[in-house]
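Worksheet: one structure, shown below.
Predicted model, so just to flag it, every value in this text is computed and none were measured. Here is the naming used below: chain letters follow the sequence lines, and residue numbers restart at 1 for every chain.
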Amino acid sequence: KAGVTQTPRYLIKTRGQQVTLSCSPISGHRSVSWYQQTPGQGLQFLFEYFSETQRNKGNFPGRFSGRQFSNSRSEMNVSTLELGDSALYLCASVADNGEKLFFGSGTQLSVL
Amino acid sequence: AQSVAQPEDQVNVAEGNPLTVKCTYSVSGNPYLFWYVQYPNRGLQFLLKYITGDNLVKGSYGFEAEFNKSQTSFHLKKPSALVSDSALYFCAVRDRTDKLIFGTGTRLQVFP
């Protein structure tokens, strides 16, 4: 089984731009979560989608949004980028009734 | 609110010596606790979990963790460290809304 796939691996954007990140979960996993990882802050939960519905949301501004498609692939969008949005964005999927998250390798976003 | 704390930013240990990475938690009700590891340029990988049962939980790569309810701790341990264990370790707790809340991480450095 293929693992969780995130694209692109690296992104460089400038302030004010917007960006879309993509995540393909493990086949059969319907739950996809997104996390922001920064040094010193650890992993901050962004949101979780299950069967195309947002099931949970963290404490991030409305500039951060996401969606999930019928094939369980998920996208995350950040609008009006700020310097502080520079981070590693991780996506994870989990099986129904499972406890173990499977993470992708992440998208490293740099905002200049 | 549910939370975890990892009091050490970095732990240094010589190869062959026992290692401990500390984690304390704050939850209402029974805790669901996890350890994940992150190798350079990779996503997180599941190590082990505590849901209920024995206080000593065994996981991947020879790691184990001890759940201590009275001290609200869930320390990660390994009897004999390897250089290849050098990585970033995250403790996590599942909160009431089923979100996984991560600590800030502890960098483990194992010296030959």
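Both tests pass for B:K78 against the ring of B:F63: distance under 6.0 Å to the centre and angle within 45° of the axis.
Heavy-atom distances place no part of B:I101 under 4.5 Å from chain A, backbone and side chain included. Interface residue B:Q38: only side-chain heavy atoms are found under 4.5 Å from chain A. With a 4.5 Å cut-off on non-hydrogen atoms, A:R55 does not touch chain B at all. For A:Q41, the part sitting under 4.5 Å from any heavy atom of chain B is the backbone (N, CA, C, O) and nothing else. With a 4.5 Å cut-off on non-hydrogen atoms, A:Q37 touches chain B through its side chain but not through its backbone. Residue contact with chain B, scored on non-hydrogen atoms closer than 4.5 Å, involves the side chain of A:L90 exclusively. Contacts between B:K99 and chain A at a heavy-atom distance below 4.5 Å involve backbone atoms as well as side-chain atoms.
For chain B, the option among A:S33, A:G42, A:G58 with the highest count of heavy-atom pairs below 4.5 Å is A:G42.
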Please evaluate residues A:F69 and A:E75 with respect to the criterion side-chain contact (heavy atoms from CB on, under 4.5 Å), reporting the C-alpha separation (whole Å), side-chain torsions for both, the decisive distance (0.1 Å), and the verdict.
CA-CA 8 Å; A:F69 302 95; A:E75 286 183 349; 3.7 Å; yes
Is there a side-chain contact (heavy atoms from CB on, under 4.5 Å) between B:F90 and A:L43 once you walk through the steps?
CA-CA 9 Å; B:F90 290 94; A:L43 276 77; 3.5 Å; yes
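Looking at heavy atoms from C-beta onward, B:V93 lies out of side-chain contact with B:F74 at the 4.5 angstrom threshold.
A:F103 has its ring centre less than 6.0 Å from the ring centre of B:Y36. The six-membered or imidazole ring of B:F102 lies near that of A:Y35, with a centre-to-centre distance under 6.0 Å.
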